[in-house]
Every structure is written in C-alpha cells, then in structure tokens.
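These notes concern the structure reproduced below.
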Number of protein chains: 2
Amino acid sequence: MAKTDVAQCEEVHEIHRDKVDALHRAMPDDDELYDLAELFKVFGDSTRIRILFALFAADTCVCDLAETLNMTQSAVSHQLKILKQAKLVSFRKEGKSAIYFLADDHVRTIIDMGREHIEE
Amino acid sequence: MAKTDVAQCEEVHEIHRDKVDALHRAMPDDDELYDLAELFKVFGDSTRIRILFALFAADTCVCDLAETLNMTQSAVSHQLKILKQAKLVSFRKEGKSAIYFLADDHVRTIIDMGREHIEE
DNA sequence: CAAACATATGAACAATTATTCATATGTTTG
DNA sequence: CAAACATATGAATAATTGTTCATATGTTTG
C-alpha cells in the first residue's frame with residue numbers, strides 16, 4: 001500500500017484514504033451533529049436530571065421543584081428555561097403558578113437507556 | 001452543589017409539603033443521578049458524537065479518525081479517553097495501531113432516541 | 001389600586017472543559 | 001539497537017456554563 005500524501009496532516013501518517021472517504025460519507029450533516037450534541041448536553045447536568053425525575057413522578061410548580069431539589073427558585077427557573085428550549089418540558093399556568101410537565105415520552109426513554117448503560 | 005436557605009423559602013412561598021415529600025421519595029440516589037449526568041455529558045459534545053458516528057460505520061484507528069474529523073491526533077486521543085472511561089468505546093491493538101470500536105449497542109440506541117427527538 | 005406572591009431574567013463570577021502544544025510512551029522495522 | 005511511527009498525556013489557555021444576586025414581569029386578592 002502506498003503512502004498517502006495528505007496536505008492537512010503535517011506529519012507523515014499512513015492515512016487510509018478509502019476508509020476516511022467512507023467514514024466521511026457516513027457522517028450526518030453538521031447541523032444534525034450539532035443539534036444532537038446540544039440535546040445531550042441538556043441531559044448532562046445533574047440538576048436538570050433531578051428536575052426530570054421529579055416531573056416523572058408528577059407535574060410540579062417551580063416553587064415545589066426548588067424546595068424538592070433544595071435550590072433557589074432562580075437556579076431552577078434558569079434550568080427549566082433550558083429544558084423548555086430543548087422541548088423536554090412544557091408548562092401550563094394554574095392560578096399564580098406555572099406547572100411544569102414532561103413534553104413527551106422520549107425523555108423517559110432516553111434516561112432509561114442511560115440507566116441501563118450505567119448498570120454494568 | 002447549591003445550598004439554599006430553605007427557611008426563607010418556607011416563609012415566603014406556599015410549599016406543598018406532601019408533594020415535596022413524594023417527589024423526594026421518587027428521586028434516585030445521588031450517585032445514580034451523578035452518574036447519569038456524567039454519561040450524558042459524554043454525549044454532549046459534537047466531536048465525541050462525530051467519533052461515535054464514525055465508529056457506527058467501521059472500527060477505526062486514531063489516525064484515520066483524526067483525518068476524518070479534520071482534527072489533531074491529540075485532540076481525538078483526548079476525546080477517545082473520555083469515551084473509553086464512559087465505556088462507550090473500546091479498542092484493540094493491531095500492529096502499530098489502536099483500533100477503536102463501539103463498546104455495545106446502548107450507544108446506538110441512545111443516539112437513535114436523540115435523533116428521534118430532534119426530528120419534530 | 002396596592003400588596004403579596006410566583007416566576008423570569010440579566011449580569012457577574014466560579015468552575016468546568018475542549019483544544020493546542022510539547023513531549024512521553026510504546027511499538028515496529030531495518 | 002536506532003529510527004520511524006502511532007498513540008497517549010500533562011500543562012496552559014480559551015470558551016462555555018451553572019449558580020447567585022438583584023431586580024423585573026406578571027398574576028391574584030383584599
């Protein structure tokens with residue numbers, strides 16, 4: 001096999017050109033890759049995970065979430081905004097309160113898959 | 001991680017004590033919550049997502065991964081270490097190279113769930 | 001309307017983290 | 001063994017991000 005001359009690779013490595021081309025074709029669009037990473041980033045914080053577990057159990061207002069997590073109302077509100085933007089949670093107004101709830105079942109499934117992976 | 005002045009919260013807000021207690025009981029152990037967040041944090045970076053998509057297509061050496069992602073060998077190696085620690089990838093030695101591959105099918109399932117959520 | 005309440009938000013700070021650079025480790029080959 | 005190669009790693013830096021604090025917005029109720 002001949003050495004491949006690769007302009008980008010300054011050092012002389014034995015790049016497998018055919019393979020790299022195949023991998024490149026298998027790669028989704030940058031937009032999708034970015035969106036996927038952004039989605040998982042939302043799950044990658046224990047405060048937000050705890051909020052999701054709370055909402056697994058019951059629809060809950062911000063105040064009770066803050067009390068449950070032993071955090072300030074502000075911190076919880078900031079995190080709820082992120083969860084909302086990722087369409088993982090939604091909310092309805094009830095009197096003075098905003099009651100948050102899970103947007104759909106993907107949330108549960110994704111977290112269940114994560115739990116499965118961890119138990120090994 | 002954050003400590004809140006609960007006493008103040010109780011003075012000002014109408015906490016639903018029964019509900020908060022129920023939510024508290026529904027919450028998994030801190031260890032599990034932490035591990036879950038750590039796992040998803042690993043998925044929450046587009047470089048690591050791209051590495052995983054490459055490995056979906058084929059087992060690959062570090063050098064070809066670096067070329068495919070158009071990144072330095074060092075950067076890829078650092079990220080592979082994180083993926084390895086999370087048990088998402090593994091590797092075998094073949095001659096001079098280290099061939100990385102997906103550790104198990106959870107990886108695929110988790111990413112598929114993420115893609116499903118995004119397409120809406 | 002005013003007071004009380006519930007939630008949201010902007011700015012600042014501290015902590016985390018991805019990449020780069022330089023170099024080390026370990027393997028193969030002549 | 002020495003040279004070449006493939007990968008790993010430590011330190012430094014820049015960028016990102018979670019929490020706090022102060023305050024704003026918007027609702028309900030007397």
Would you tell me if any nitrogen or oxygen in the side chain of B:K81 comes within less than 4.0 Å of OP1 or OP2 on D:dT9?
yes
Margin query: What's A:A98 touching, base or sugar-phosphate or nothing? Going by heavy atoms closer than 4.0 Å.
Written below: sugar-phosphate
Only one of A:V76, A:L80, A:T60 passes side chain to side chain contact (heavy atoms under 4.5 Å, CB included) with A:Y100, and that residue is A:L80
Using a heavy-atom cut-off of 4.0 Å across all strands, would you classify B:I82 as base, sugar-phosphate, or nothing?
sugar-phosphate
- Message: Under 4.0 Å, heavy atoms only, any strand: does B:L65 hit a base, just the sugar-phosphate, or nothing?
- Response: nothing
Review point. Would you say B:T47 reaches C:dA18's phosphate, i.e. side-chain N/O to OP1/OP2 under 4.0 Å?
Key: no
Once the angle between the rings of A:F56 and A:F53 is folded into 0 to 90°, is it parallel (under 30°), tilted (30 to 60°) or perpendicular (over 60°)?
perpendicular
Item to check | Any side-chain heavy-atom pair of A:L88 and A:L102 under 4.5 Å | outcome: no
Contact class for A:F91 vs. all strands (heavy atom < 4.0 Å): base, sugar-phosphate, or nothing?
nothing
Between B:Q79 and B:E94, whichever has its closest DNA chain C nucleotide further toward 5' is B:Q79
| query | What about A:Q73: does its side chain form a donor-acceptor pair under 3.5 Å with the base of C:dA8? | reply | yes
Margin query: Using a heavy-atom cut-off of 4.0 Å across all strands, would you classify A:S77 as base, sugar-phosphate, or nothing?
Written below: base
Exercise for the section: Ignoring hydrogens and angles, answer whether the base of D:dT20 and the side-chain atoms of A:H78 contain a donor-acceptor pair closer than 3.5 Å. Expected result: yes
Counting only distance, no hydrogens or angles, is the base of C:dT9 paired donor-acceptor with the side chain of A:S74 under 3.5 Å? yes
